[in-house]
Protein chains: 2
Amino acid sequence: MKSDLARIVGAEHVLDPVAPYLDDASVASGVRGRADAVVRPGDAEQVAAVVAWCYEHGVTIVPRGGGTGYAGGAVPLDGGVVLALERLRAIRSFDPLLWRMEVEAGVTTATVARLARENGLLYPPDPGAAESSHIGGNAATNAGGPHAFKYGVTGAWITGLEAVVAPGELVALGGPVRKDVAGYDLRSLLVGSEGTLGIITALWLRLIPAPEAAVPVAAAFAGAREGAAAIEAVLASGVVPSAIEYLDAGTVDAAAATFPAPLGDDRRFLLLVETDGTASEAAAAAAEVREALSGAVVHAPATPADVRAFWEWRSAVSHAVTAKRGGKLSEDVAVPVDRLAEAIEETVAIGERHGLEACSWGHAGDGNLHSTFLLAPGDEDERRRADAAADDLFAMAVRLGGTVSGEHGLGMLKNGQLRRQWSPAAVALHRSVKVALDPKNLLNPGKKLP
Amino acid sequence: MKSDLARIVGAEHVLDPVAPYLDDASVASGVRGRADAVVRPGDAEQVAAVVAWCYEHGVTIVPRGGGTGYAGGAVPLDGGVVLALERLRAIRSFDPLLWRMEVEAGVTTATVARLARENGLLYPPDPGAAESSHIGGNAATNAGGPHAFKYGVTGAWITGLEAVVAPGELVALGGPVRKDVAGYDLRSLLVGSEGTLGIITALWLRLIPAPEAAVPVAAAFAGAREGAAAIEAVLASGVVPSAIEYLDAGTVDAAAATFPAPLGDDRRFLLLVETDGTASEAAAAAAEVREALSGAVVHAPATPADVRAFWEWRSAVSHAVTAKRGGKLSEDVAVPVDRLAEAIEETVAIGERHGLEACSWGHAGDGNLHSTFLLAPGDEDERRRADAAADDLFAMAVRLGGTVSGEHGLGMLKNGQLRRQWSPAAVALHRSVKVALDPKNLLNPGKKLP
């Protein structure tokens, strides 16, 4: 195997299967894989040749981006080839005046965002770990983030996609053209398919002029019910915020020490609402938001540096929660926004039922929770209880009309969960699409199973 | 057949196959179908039962919305059942404060838009013929319209979809939840599939607060090159217009008589650029746009009534062009925006090569042309030349990096054209998806063939 693959990518790019290529950000869950080789192709044609070789020889292919996923999607389960896309990092074209960019899969999310910003443009999706995560991985998981509330998730910014599909063919679906209904929307089908239907090698991204200003405010409430009522008041104000985030009581407790403003002890629920646009527009919208929040605002960063610090604090919330006990199990369920308070409260109740401290934070406007159970690392009993609690969590999300995954996908950790929320006929469709596009079941097998 | 179907939907809803059920808006192209029966189910369960009966008995099913398509997608080709969704017109739920609505497939686009507007909200997609077209048909074709430039096409507003899939099962894909990456994006796969993968029975739509004001301006230029340069200047201004439309010389000639302002004889190319937002925001953005258009503005409707009249005039452009000679063949190609001027000029040149008067207008910001050849109704020779001209047009769109269809889909009239723009491997994917979802090839057969 290795000599054949070496002929395609060069011997120096066929590596022994070692860390970090065997895990992703879910490694804390004890997930670690096993592979026969790691292959680092240098361009899309080499990706196609590697896939063709593997498909012919019945070898499984696990594509890998920045390894920042939380669902074990990039973890090789049982041998085969890890196909690392880190050398595909060309900016193939960039036309700032036409608001578009063509980038290869291994370009980091931060690079895309920076390039856009330096040219007066915005690439809106902002999933976490931007410095490490790859734009190809963002597409393969249809990654979200705080600003998805106004701007949509990764897929909304992809007009074209180059991918290698079985049995090893490079295809282009779309391109720089902004509207295209000639064929089935196979682009959207591949986006979010977690490498199980094809390997994304490059993307055409749409961009927009960067808003001149972003004005976040933080408002504190007694609890989730009061916070949820405030969200509905914000929605009724006629403003479209760029982000509506929340932290529940346990999360505030973990993250308050580094919050840039004092929080009263009775303020147990934090809402972060940002508006953007021209400076005057963002300020006017922020005034509407403040009115809707009726006096609960506790912090309003005023300078760009303060706004940046505010969002950096927000990004660190997950780490602050982990720090509480050293470990955690966190699940990205989503519910209709009118069920958010219920889901937040029930997360805590589920934890209690299983003897675990629980909290949540997330993208309130999208009804997307990061429901979290705190753990001591290595405590097997707690881990088992957390898995049982996660199961209750998924059941709750579905009962409230939501989804078991708003952001991370199924990967390997949520295999089988889709069956809770889709009917047998819909699950059968899911399967038949997989069989149609990957008849030998070699593309990231054992992942995203319904 | 009829008695079986009558048992499902009631005898009064099984009709003889008569007009208007045998054609759509492409009837002027001489397209007229043949069916064995027209069935009008009263709800989604009846749709499922009808599909189940047809699937069991090997009878083809042609779903039908408002019949406003231009590609013959709703025309029954060779017998079978026309499944008219016009009785599925319930608003299943509407939560204006939560920016969402669940509607059945047969609700008209205008009803959705009106309901939103009356509650301070906006349903942004605005394909033509809103009073007749059905929201289900809009989804099945992923319909666009002028405001897609800022707001995206129909699919961007669908969070959930109920559909009947083979062999007659009702499935729900998504719902009111705004983010969901648990399963493959089968919702997007069905959207735009023109009834060939399933029958859409209901939709969950996302809405947004209505912008307070919309400020369009019209600017006139000497030709397409000058107009395209102005579009790029607008894109560089930092403003995101809500629409950027154009009319070329031949179209201006056809529509100028009813234009609400005088146009000089040397002004052969019209750009319509709209900005929206709060009144002050829209006005400030309009000022930026005016600056980018550097003095070419010839009309700026100031009151809401004038703005409405302006857009009504825009909607009537297609009719004005038809009126010139009584008939036309119009194709909805799209190209990257930097190739727009080329595509506009080449449309006219292609017409000349085939001895036909040609013109175009459309959604400039999206690079989406309605490239049109004028015809005398009933002139078979002209018709043949127009078909040959359309063939050249598709070749041009693909050569410029675009698509044979930006809005209307393939239907039956553009069968086979996808092969020009997709590689054989991509076409094979398209086919395998169709086979996977419709193994007996009974769902709108003969349509959207790659």
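In what follows, chains carry the letters A, B, and so on, assigned in the order in which the sequence lines appear, proteins first and then strands, with residues in each chain numbered from 1. Heavy-atom basis, side chains included; hydrogens, waters and symmetry copies ignored.
- Using a 4.5 Å cut-off between heavy atoms, B/L418 contacts chain A through its side chain alone, with no backbone atom that close.
- Annotation: the span from A/H370 atom NE2 to A/D332 atom CG amounts to 6.5 Å, rounded to 0.5 Å.
- There is no contact between B/A156 and chain A, counting heavy-atom distances below 4.5 Å.
- Comparing A/V433, A/L429, A/I208 by how many heavy-atom pairs each has under 4.5 Å with chain B, the most go to A/L429.
- With a 4.5 Å cut-off on non-hydrogen atoms, B/V165 touches chain A through its side chain but not through its backbone.
- The residues B/D276 and B/K150 are annotated as salt-bridged, a charged nitrogen and a carboxylate oxygen being separated by less than 4.0 angstrom.
- The heavy-atom pair separating A/Y55 from A/D438 by the smallest distance is OH-OD1, 2.5 Å.
- Contact tally against chain B (heavy-atom pairs below 4.5 Å) for A/K414, A/E169, A/E232, A/E407: the top residue is A/E407.
- Residue contact with chain A, scored on non-hydrogen atoms closer than 4.5 Å, involves the side chain of B/R100 exclusively.
- For the residue pair A/H408/A/E331, the side-chain donor-acceptor check at 3.5 Å is not satisfied.
- Taking the six-membered ring wherever Trp is involved, the centroid distance between the rings of B/W204 and B/F94 does not fall below 6.0 Å.
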side-chain hydrogen bond (donor to acceptor under 3.5 Å, both in side chains) assessment of A/T403 paired with A/Q421:
CA-CA 7 Å; A/T403 173; A/Q421 84 189 53; 3.0 Å; yes
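- Of the atoms belonging to B/T159, not a single heavy atom falls under 4.5 Å from chain A.
- Residue contact with chain B, scored on non-hydrogen atoms closer than 4.5 Å, is absent for A/E212.
- Within 6.0 Å of CZ in B/R206 there are more than 12 heavy atoms belonging to other residues, nucleotides or ligands.
- Using a 4.5 Å cut-off between heavy atoms, B/H363 contacts chain A through its side chain alone, with no backbone atom that close.
- Of the two parts of B/V240, the backbone and the side chain both hold a non-hydrogen atom closer than 4.5 Å to a non-hydrogen atom of chain A.
- At a 4.5 Å heavy-atom cutoff, the contact between A/V153 and chain B is made by side-chain atoms alone.
- With a 4.5 angstrom heavy-atom cutoff, B/S423 touches chain A only via side-chain atoms.
- Neither the backbone nor the side chain of B/Q417 comes within less than 4.5 Å of any heavy atom of chain A.
- For B/V427, no part sits under 4.5 Å from any heavy atom of chain A, backbone or side chain.
- Heavy-atom distances place the side chain of B/N368, and not its backbone, under 4.5 Å from chain A.
- In this structure, A/E194 does not pair ionically with A/K447, as no charged nitrogen and carboxylate oxygen lie closer than 4.0 Å.
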